[in-house]
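To start, the structure itself, in structure tokens.
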Amino acid sequence: MGKLTVRALRAVLVVVLAGTVFVQAFMLWALISGNDPEDGSLPLTPLRVLTILGIGTAQVAMVCVWRLVTMVRRGTVFSHAAFRYVDAIIGSIVAAALVWFAVTALNAPGQRDDPGVTLIMGGVGLAILGVALIVLVLRTLLAQAVARDVEAAEMQAELDEVI
């Protein structure tokens, strides 16, 4: 991974992380201050809480991606230490799907006339879970690469002994 790619990715992560923190702070302020009265169409307080939680899941994933990029630059990504970050990413994606399903359930009563919206939202939740499965497959590939790396190191050590 080139330096330009790493810098560009980190710049994007910093901008997105700063933006999400701003949105979370705005949502938290709206919750605490009570300055934004609900008009009765949707329960805004639970939606704000779910928004804060959903953004938090994305922030966890971004921090883990940052750590993995650091490991890539150092050449240490093919180690057992990388698994905790990949596992955290998988967990944050699953948590995001659960938050999305909660938003779907909260929105469903208002969609009685048009249940297709609720079905589409449920499909989006399943798609989010599909992303978690894709990352799980990538974790399996990482595990195979780490095993091959360990095996290659052992073979190199044996070869060094023979020579």
Side-chain angles (χ1 to χ4, degrees), residues 1 5-36 38-73 76-146:
M1 191 177 244
T5 305
V6 170
R7 286 182 182 163
L9 179 58
R10 285 185 175 168
V12 168
L13 289 173
V14 165
V15 169
V16 173
L17 193 59
T20 59
V21 168
F22 175 75
V23 170
Q24 275 182 320
F26 181 73
M27 289 289 181
L28 192 58
W29 175 254
L31 278 174
I32 293 171
S33 69
N35 288 338
D36 191 13
E38 298 181 15
D39 64 356
S41 61
L42 273 177
L44 291 179
T45 300
L47 283 175
R48 286 190 183 108
V49 170
L50 289 172
T51 299
I52 291 169
L53 292 174
I55 290 173
T57 63
Q59 290 168 336
V60 168
M62 285 186 283
V63 169
C64 291
V65 167
W66 183 285
R67 295 294 302 152
L68 287 170
V69 167
T70 301
M71 293 179 80
V72 167
R73 287 297 299 153
T76 60
V77 75
F78 294 114
S79 66
H80 293 286
F83 289 109
R84 83 175 136 192
Y85 299 115
V86 176
D87 290 340
I89 291 171
I90 293 169
S92 69
I93 295 170
V94 170
L98 294 176
V99 168
W100 184 256
F101 285 132
V103 169
T104 302
L106 197 62
N107 187 47
Q111 299 297 328
R112 291 176 198 240
D113 294 336
D114 190 11
V117 172
T118 303
L119 290 174
I120 290 170
M121 289 178 73
V124 169
L126 288 175
I128 295 169
L129 287 175
V131 172
L133 289 173
I134 290 169
V135 176
L136 183 62
V137 168
L138 295 174
R139 184 194 186 282
T140 304
L141 293 173
L142 177 64
Q144 290 176 356
V146 168

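Residue-environment remark: CZ (Phe78) stays at or below the threshold of 12 foreign heavy atoms within 6.0 Å. In this structure, Phe83 places its CZ atom where more than 12 heavy-atom neighbours from other residues, nucleotides or ligands lie under 6.0 Å away.
We find the CG-CG distance between Leu47 and Leu31 to be 10.5 Å, quoted to the nearest 0.5 Å. Note that CG of Leu53 is 6.0 Å distant from CG of Leu50, once rounded to the nearest 0.5 Å. Residue Ile128 holds its CD1 atom at 10.0 Å from CG of Leu98, rounded to the nearest 0.5 Å. In this structure, Met27 CE and Thr20 OG1 are separated by 12.0 Å, a value rounded to the nearest 0.5 Å. Distance check, rounded to the nearest 0.5 Å: CD of Gln111 to CE of Met121 gives 8.0 Å. For the atom pair Met71 CE and Trp66 CH2, the distance stands at 15.5 Å (nearest 0.5 Å).
When all heavy atoms are compared, the tightest approach of Val60 to Ser92 is CG1-CB, 4.0 Å. The two residues Thr118 and Ala108 make their nearest non-hydrogen contact at OG1-CA, 3.7 Å. Across Ile52 and Gln24, no two heavy atoms sit closer than the pair O-NE2, 2.9 Å. Summarising the geometry of Val146 relative to Ser79, their closest heavy-atom pair is CG2-N, 3.6 Å, with the distance given to 0.1 Å.
Counted by atom type alone, Arg73 and Thr5 present zero donor-acceptor pairs between their side chains at under 3.5 Å.
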(request) Might you work through the side chain to side chain contact (heavy atoms under 4.5 Å, CB included) test for Leu138 and Leu141, ending with a clear yes or no? (result) CA-CA 5 Å; Leu138 295 174; Leu141 293 173; 4.0 Å; yes

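Under the side chain to side chain donor-acceptor pair (under 3.5 Å) criterion, Arg139 pairs with Asp87, sequence neighbours left out.
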